[in-house]
Asker: 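I'd like to ask you about the structure that follows.
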Amino acid sequence: MKGILITVMYFKLGGHLTCGREGKTLKTSTDSGKVICRNCRHTDAYVEARQAKKGAGTTLAQPSGNWRDSWGVRLLSMPGPQHLLREFNSQQFV
């Protein structure tokens with residue numbers, strides 16, 4: 001059995017590939033769902049395009065930019081006693 005040949009698809013934004021590769025024969029796409037290149041998928045431009053494609057309705061609303069506040073809100077919404085992380089001031093049940 002011969003190996004399967006996979007064509008790598010690169011993410012193109014603003015006329016350039018986000019991973020920095022150059023070449024005239026590279027397959028490119030502006031659709032974030034078709035991209036296979038790992039380097040392209042780890043760029044900020046790709047992540048932003050992917051989030052914009054998914055839409056704002058699917059993201060969780062966070063009370064602030066601080067992850068500790070959002071984590072505390074998440075633990076409070078869960079049933080039963082939940083521990084806070086050690087980085088918090090005290091190790092009490094919420």
Side-chain angles (χ1 to χ4, degrees):
M1 181 176 178
K2 293 187 177 184
I4 298 172
L5 180 64
I6 298 175
T7 303
V8 177
M9 186 74 68
Y10 298 94
F11 188 61
K12 189 172 189 177
L13 185 68
H16 300 284
L17 299 178
T18 57
C19 65
R21 288 189 185 260
E22 294 180 4
K24 295 181 181 179
T25 60
L26 298 175
K27 305 255 183 200
T28 62
S29 175
T30 55
D31 182 15
S32 60
K34 296 180 180 179
V35 176
I36 297 175
C37 173
R38 288 184 184 177
N39 292 333
C40 287
R41 293 175 78 162
H42 291 295
T43 59
D44 293 336
Y46 175 83
V47 172
E48 290 173 7
R50 189 81 172 155
Q51 288 175 350
K53 184 178 178 182
K54 286 184 179 180
T58 58
T59 58
L60 296 174
Q62 294 184 1
S64 67
N66 189 357
W67 68 270
R68 291 177 183 220
D69 293 340
S70 62
W71 188 256
V73 170
R74 183 177 177 184
L75 288 177
L76 286 171
S77 66
M78 295 172 70
Q82 306 297 331
H83 264 290
L84 292 174
L85 300 175
R86 288 189 178 157
E87 287 94 23
F88 288 86
N89 291 335
S90 60
Q91 199 56 4
Q92 300 174 358
F93 286 104
V94 175

Asker: Applying salt bridge (Lys or Arg N to Asp or Glu O under 4.0 Å), which residue pairs with at least one partner in residues 38-47 are found, sequence neighbours left out?
Answerer: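 Salt bridge (Lys or Arg N to Asp or Glu O under 4.0 Å) check on residues 38-47 returns no pairs.
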Asker: Side-chain polar contacts of residues 19-30 - donor-acceptor pairs under 3.5 angstrom, sequence neighbours left out - could you list them?
Answerer:
residue: Ser29; atom: OG; partner: Asp31; partner atom: N; Å: 3.0
residue: Ser29; atom: OG; partner: Asp31; partner atom: O; Å: 3.4

Asker: State which residues pass side-chain contact (heavy atoms from CB on, under 4.5 Å) with Val47; sequence neighbours excluded, sorted by chain then number.
Answerer: Gln51
Asker: Identify, with sequence neighbours excluded, every residue that meets ring pair (Phe, Tyr, Trp, His ring centres under 6.0 Å) alongside Tyr46.
Answerer: Phe11
Asker: For residues Met9 and Lys34, report the shortest heavy-atom separation together with the two atoms involved.
Answerer: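 Heavy atoms only, the tightest pair is CB-O, 3.3 Å.
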Asker: Between atom CG of Leu13 and atom CD of Glu48, what is the distance when rounded to the nearest 0.5 Å?
Answerer: 9.0 Å
Asker: List the atom of Gly33, the atom of Arg50, and the distance in Å for their closest heavy-atom pair.
Answerer: CA-NH1, 3.3 Å
